[in-house]
Amino acid sequence: MAKNSDPAADGKGDTPTPSLNFVQEIIEEHNRTGRFGGRVHTRFPPEPNGYLHIGHAKSICLNYGLAQKYGGKFNLRFDDTNPTTEEQEYVDSIREDVRWLGANWEGREFYASDYFDQLYEWAEKLIREGKAYVCDLSGDDIAKYRGDTRGGKESPYRSRPVEESLDLFRRMKAGEFPEGTRTLRAKIDMTSPNFHLRDPIMYRIMHAKHHRTGDKWCIYPMYDWAHGESDSIEGITHSICTLEFEIHRPLYEWYVQALGIYAPQQIEFARLNLTYTVLSKRRLIQLVTEKHVSGWDDPRMPTLCGVRRRGYTPEAMRKFCERIGVSKFNGMIEVSWLEDALREELNRNAPRAMAVLRPLRVVIENYPEGQTEELDAVNNPEDPTAGTRKVPFSRVLSIEEDDFRENPPKDFFRLAPGKEVRFRWAYFLKCVGVVKDDAGKVIELRCTYDPATRGGDAPDGRKVKGTIHWVSADHAIDAEVRLYDHFFLKPNPDDVPEGQDYRANLNPNSLEVLPGAKLEPSLAAATVGSRYQFERLGYFCVDKDSNPGKLVFNRSVTLRDTWAKIEKKGK
RNA sequence: UGGGGAUUGGUGUAACGGUAGCACGACUGACUCUGACUCAGUUAGUCUAGGUUCGAAUCCUAGAUCCCCAACCA
């Protein structure tokens, strides 16, 4: 019956069974053999010491998606075993980001620190059984004894009597010793080729206040000692993590076996790498502290709060994560995949509007002075239910500087002296003259309009090649528009000359602020976070820096621009 | 150097000894009141060398390349 739990395969139709990724295959194998009694229970286990980024989104979507697909559960667990780096601020932001992405942990929000008491008991048990011991070696000496590829050397404290270790461990807990003076170590194998098995440290002394347990503890478990047991305690079936933890797996398995507790299955997948992007916590923190960005939520940051501010939707993020798939191959995904996912969604859902980023004045010589008319514009051609709106038209308009060329290149469909184009939803206009300033720069276009083309169609059936957007100068509202480009100059930010680092590849033009943009008046009602397609330009969203008097828009992503491509090729 | 992983078009991902497929991109064209969207078509791949087999991306042997580990971080 549960032969194939994929809904698409349930029907009798000839829809081919979509292929499974390697994690799903493992899960279905477990379901066949009954290893977990058909249960699927995943979790997302962040450390609250930084903001979540797109790489985490991949993990969240994977874990939550698996739980959903197989009718299982999904936990949120904070791995808060290091009080010196972790803060409540991060817990809050992580919670918000996971929720935003749409992953629902249904109240199963846990903390490794919830298990500190249990972990402590288990540690004593291992000491009593001769499987752990208190070690007085200094950090340097521990490293020295751990040895090199040929093997390590046993600590002189390894054979200390169980009672002595137990006593010392209790006194460590009681706070009798200064930081760094002693550790609790698992007694495994100092000759193992896997360094993680050479008597790994389980507890270290840290006289630090923990964001949740306060001053209760002055010994804290190492991640390796806490992680597997936390999964075990929560009954996690599939403990999914990134590749670098693969070599830790034997250690988790050793702990779980030594303790005789329930064993989850760890599965490792390749973390996300994106072109033109850095995705390591260390670097993200550096970008913030060195002020290369305005903060964690700078729209150029790959943090979830950053892309959210940029205008990304949870749906687009999920679509992206689904599309990139999951495997053990450590590749690099093109950022354009992310942008495509956003375009795809916003094309369907974002209302259209007209906005002029770099205005050029247009005067219609044969249009009556002082006259205004309201023209109908379609809100979203992809969504008939979105309706229409009115846009004011008058004698003086603004168009995009880029939509006029005094000496147009071949195949330029837009305005040029003597050429006629359609002003979207309005009239056909012909350019009959240009006005220049002293420097010879075109500052105004003189045009005529054809009253018979009202609405944008010519009764005589004549065609125009180009349609351009515009706003009425007197009716337009002011806005600041922020354009973003790749944050780094090279697909791989690490591609730098000897002696430099990824910062050398920071794109100095990744942010361009246009203070004098003009918007159609309907946009005056736009609220922070709302998204629009500015026709022919891209998708934009209202930034939180907006004031009632002045809107600020972020460009989330451009539209595909075939003309830009043609022009670039011509050069 | 010791150990753990990985390698299929430009990118990502299938094919589980039997026709190398799909998606995105790129390129052509059609359509178009957004040079958008949509649609049609084209393009291009099994890391290398041997072997097993009627048949190999898949199995075997050898090699190459890339990533990761050797914190009292996670």
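Residue numbers begin at 1 in each chain, while the letters A, B, ... track the order of the sequences. No hydrogens, no waters, no symmetry mates; every other heavy atom, side chains included, goes into these values.
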Step-by-step side chain to side chain donor-acceptor pair (under 3.5 Å) determination, A:T385 to A:D383: CA-CA 5 Å; A:T385 67; A:D383 177 9; 2.6 Å; yes

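- In RNA chain B, consecutive stretches of 3 or more Watson-Crick or G-U wobble pairs with both distances under 3.5 Å are given as paired ranges: B:2-7 with B:64-69, B:10-13 with B:21-24, B:26-30 with B:38-42, B:47-51 with B:59-63.
- Residues passing the side-chain contact (heavy atoms from CB on, under 4.5 Å) test with A:D141, sequence neighbours excluded: A:L137, A:S138, A:K144, A:Y145.
- Residue A:D224 is classed as having no contact, given no heavy-atom separation below 4.0 Å to the nucleic acid.
- Nearest to the side-chain atoms of A:F329 among the listed nucleotides B:U13, B:U34, B:G35 stands B:U13.
- Applying the side chain to side chain donor-acceptor pair (under 3.5 Å) rule to A:E86 yields no partners; only residues at least two apart in sequence or on another chain are considered.
- Against the 90° criterion about 0, the sugar-base torsion of B:A64 places it in the anti range.
- Counting distance only, with no hydrogens placed and no angle test, the side-chain atoms of A:R536 and the base atoms of B:G35 include no donor-acceptor pair under 3.5 Å.
- B:U11 and B:U61 have their P atoms separated by 29 Å, with the value rounded to a whole Å.
- Aromatic pair A:F116/A:H210: centroids less than 6.0 angstrom apart.
- If you check every strand for non-hydrogen atoms under 4.0 Å, A:N49 touches nothing.
- Using a 4.0 Å heavy-atom cutoff across all strands shown, A:F412 reaches at least one base atom of the nucleic acid.
- The side chain to side chain donor-acceptor pair (under 3.5 Å) test applied to A:D376 returns A:K390, not counting sequence neighbours.
- With sequence neighbours excluded, no residue forms a salt bridge (charged side-chain N to carboxylate O under 4.0 Å, His left out) with A:E315.
- Here A:F169 pairs with A:Y120, A:Y203 under the ring pair (Phe, Tyr, Trp, His ring centres under 6.0 Å) rule; sequence neighbours left out.
- Every pair passing salt bridge (Lys or Arg N to Asp or Glu O under 4.0 Å) that includes a residue from residues 181-192 of chain A is listed here, sequence neighbours excluded: A:D136-A:R182.
- When heavy atoms are screened at a 4.0 angstrom cut-off, A:P45 is found touching no nucleic acid atom at all.
- Applying the 3.5 Å distance criterion, the base of B:U38 shares no donor-acceptor pair with the side chain of A:E382.
- A distance of 10.0 Å separates CD1 of A:I219 from CE of A:M202, quoted to the nearest 0.5 Å.
- The distance between atom CG of A:D231 and atom P of B:A74, rounded to the nearest whole Å, is 15 Å.
- One P atom belongs to B:U42, the other to B:U7, and the distance between them is 30 Å to the nearest Å.
- A:R352 comes within 4.0 angstrom of a nucleotide base, judged by non-hydrogen atoms across all strands.
- Note on A:L559: a base of the nucleic acid sits closer than 4.0 angstrom, heavy atoms only.
- Closest-nucleotide positions on RNA chain B for A:F22 and A:D457 were compared, and the one nearer the 5' end corresponds to A:F22.
- B:A44 and B:G35 have their P atoms separated by 32 Å, given to the nearest Å.
- To the nearest 0.5 Å, atoms OH (A:Y539) and OG1 (A:T313) are separated by 11.5 Å.
- No contact: A:R198 has no heavy atom under 4.0 Å from any strand.
- Ring to ring, A:H30 and A:H238 are close: their centroids are under 6.0 angstrom apart.
- Residue A:E535 is in base contact, counting any heavy-atom pair closer than 4.0 Å across all strands shown.
- Atom P of B:C27 sits at a distance of 38 Å from the matching atom of B:C59, rounded to the whole Å.
- Taken from CD in A:E345 to CZ in A:R531, the straight-line distance is 7.5 Å, to the nearest 0.5 Å.
- The side chain to side chain donor-acceptor pair (under 3.5 Å) search around A:Y133 returns A:D199, not counting sequence neighbours.
- Looking at residues two or more places apart in sequence or on another chain, you find no side chain to side chain donor-acceptor pair (under 3.5 Å) involving A:Y312.
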All N/O pairs under 3.5 Å across the protein-nucleotides 17-21 of chain B interface:
none

Under 4.0 Å protein heavy-atom contact, by nucleotide of nucleotides 22-27 of chain B - B base, S sugar-phosphate only: -BBSSS

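- Judged by distance alone, with hydrogens and angles left aside, the side-chain atoms of A:H56 form a donor-acceptor pair with the main-chain N or O of A:H53 at under 3.5 Å.
- For the P atoms, the distance linking B:C54 with B:C39 amounts to 47 Å, nearest Å.
- Residue contacts for A:E25: at a heavy-atom cut-off of 4.0 Å it reaches a base atom on one of the strands shown.
- Base engagement by A:F413 is indicated by at least one non-hydrogen atom pair under 4.0 Å involving a base atom.
- When the C1' atom is compared between B:U8 and B:G45, the two are found 6 Å apart, to the nearest whole Å.
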Per-nucleotide protein contact string for nucleotides 63-72 of chain B, where B marks a base within reach and S marks sugar-phosphate only (heavy atoms under 4.0 Å, - for neither): ----SSSB-B

